[in-house]
Chemist: 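Pasting a structure here, questions to come.
Predicted model, so just to flag it, every value in this text is computed and none were measured. Start at 1 with the first residue, then count along the sequence.
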Amino acid sequence: MEKYRVALIKAFVAGLFVFAFCPIATSQTSTSPATVPTTQFGSMYGNFDFRPPSMSTDNPGPATSPTSGQDSRHGIIVRSVIRGLKDQKELYAAPFKPSNFKWDVLLLAGTGALIATDRQTSRALPIGHVDLFRNITNVSLDSTSATLGGLWAYGIAKKNEHAKETGELELETLVNTFLIYTPMQFIAGRERPEEGTGNGRFWQHGGFNTSFPAGHPMFTWAMATVVAHEYPKPWVKLLAYGAATSVSMGRFLGREHYASDVLVGSVLGYAIASHIFHARCNPQRSEACSH
């Protein structure tokens with residue numbers, strides 16, 4: 001059941017690629033240069049520079065005269081694809097920015113240390129409440145998704161531009177997360193803790209639903225980060241990051257992933273969402289956008 005559930009989520013995200021980017025590309029058109037702030041991983045991570053190298057803050061521009069329906073649709077699709085490719089280029093280039101080298105080293109060192117000890121830590125975990133941890137993970141992920149989907153629907157129905165922007169950036173973030181998660185899954189092909197010899201061997205699978213990186217934490221941290229940036233109130237951050245943390249811990253304690261899988265998935269989810277938010281947010285709607 002879990003395999004089909006995960007596959008359905010991934011297929012759904014992939015299907016949203018054009019659907020998500022098309023309306024976003026027309027409603028958020030870059031109009032004037034703006035300084036995009038440096039994102040923070042919070043107090044425990046410090047500063048990590050996710051600023052796009054030449055990206056301006058997207059603000060809704062003045063209304064333009066409509067062209068013919070066919071030309072307009074063609075233009076939207078082209079702009080959407082270009083926008084998505086630009087996001088991917090900047091996301092893949094971010095680790096190679098000199099200002100990020102120290103964080104690259106920390107992440108690589110931490111991941112390497114965890115991979116070296118994954119087998120021992122996984123076998124030392126208690127096995128009496130595995131189903132409980134897995135259920136907690138599913139509840140946290142599903143409630144986060146439903147809440148943000150409801151927020152987007154509310155924004156559309158009530159013409160609340162802030163809520164609508166939050167939903168649009170959530171979709172764009174999920175699409176970009178999916179496009180990074182997918183090749184990593186194929187390349188790593190890692191066994192889960194309860195698969196094979198239990199040693200977490202790499203290059204044993206050739207598709208989705210493998211152990212590295214951890215998908216549930218990656219997508220949940222991506223969603224939580226966008227909403228925490230859009231509504232930077234303490235209670236919103238507590239709920240959003242609390243849900244993401246419970247998913248990360250639940251996948252580890254539920255023996256679905258190794259610690260290194262969870263670390264990489266969680267950090268990447270946060271990083272991708274931070275980049276998309278600061279590249280696309282409107283400073284008139286979110287305090288975090290102007291910081």
Chemist: Any idea how His278 and His229 line up, ring-wise: parallel (<30°), tilted (30 to 60°), or perpendicular (>60°)?
Modeler: perpendicular

Chemist: Side chains of Glu195 and His205 only: does a donor on one sit below 3.5 Å from an acceptor on the other?
Modeler: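 Judged by distance alone, the side chains do pair up.
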
Chemist: Taking atom NE2 as the centre, does His129 end up with more than 12 heavy-atom neighbours from other residues, nucleotides or ligands that are less than 6.0 angstrom away?
Modeler: no

Chemist: Restricting to side chain to side chain contact (heavy atoms under 4.5 Å, CB included), what partner residues turn up for Leu253, sequence neighbours left out?
Modeler: Leu125, Phe133, Met249

Chemist: Only pairs at least two apart or in different chains count here, so list each ring-ring contact (aromatic ring centres under 6.0 Å, His included) that has a residue in residues 232-254.
Modeler: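 Counting only pairs at least two positions apart or across chains, the ring-ring contact (aromatic ring centres under 6.0 Å, His included) contacts touching residues 232-254 are Trp221-Tyr241.
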
Chemist: Can you confirm whether the side chains of Thr144 and Thr220 place a donor and an acceptor under 3.5 Å from each other?
Modeler: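 The answer is no; no qualifying pair exists.
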
Chemist: Looking only at the aromatic ring of each residue, does the gap between the centers of Tyr258 and Phe212 stay below 6.0 angstrom?
Modeler: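 No, too far apart.
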
Chemist: With a 3.5 Å cut-off and no angle check, do the side chains of Gln88 and Asn176 form a donor-acceptor pair?
Modeler: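 Indeed, the side chains of Gln88 and Asn176 share at least one donor-acceptor pair under 3.5 Å.
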
Chemist: Looking at Arg285 and Glu230, is any side-chain nitrogen of the basic one under 4.0 Å from a carboxylate oxygen of the acidic one?
Modeler: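 Here Glu230 does not pair with Arg285 in a salt bridge, since their nearest N and O are not under 4.0 Å apart.
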
Chemist: If we ignore angles and hydrogens, is there a donor and acceptor under 3.5 Å between the side chains of Arg251 and Ser211?
Modeler: no

Chemist: Do we see a donor-acceptor contact under 3.5 Å between the side chains of Ser246 and Ser140?
Modeler: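 Short answer, yes.
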
Chemist: For Gln204, what residues pass the side chain to side chain contact (heavy atoms under 4.5 Å, CB included) criterion, not counting sequence neighbours?
Modeler: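 Residues passing side chain to side chain contact (heavy atoms under 4.5 Å, CB included) with Gln204: Glu191, Arg201.
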
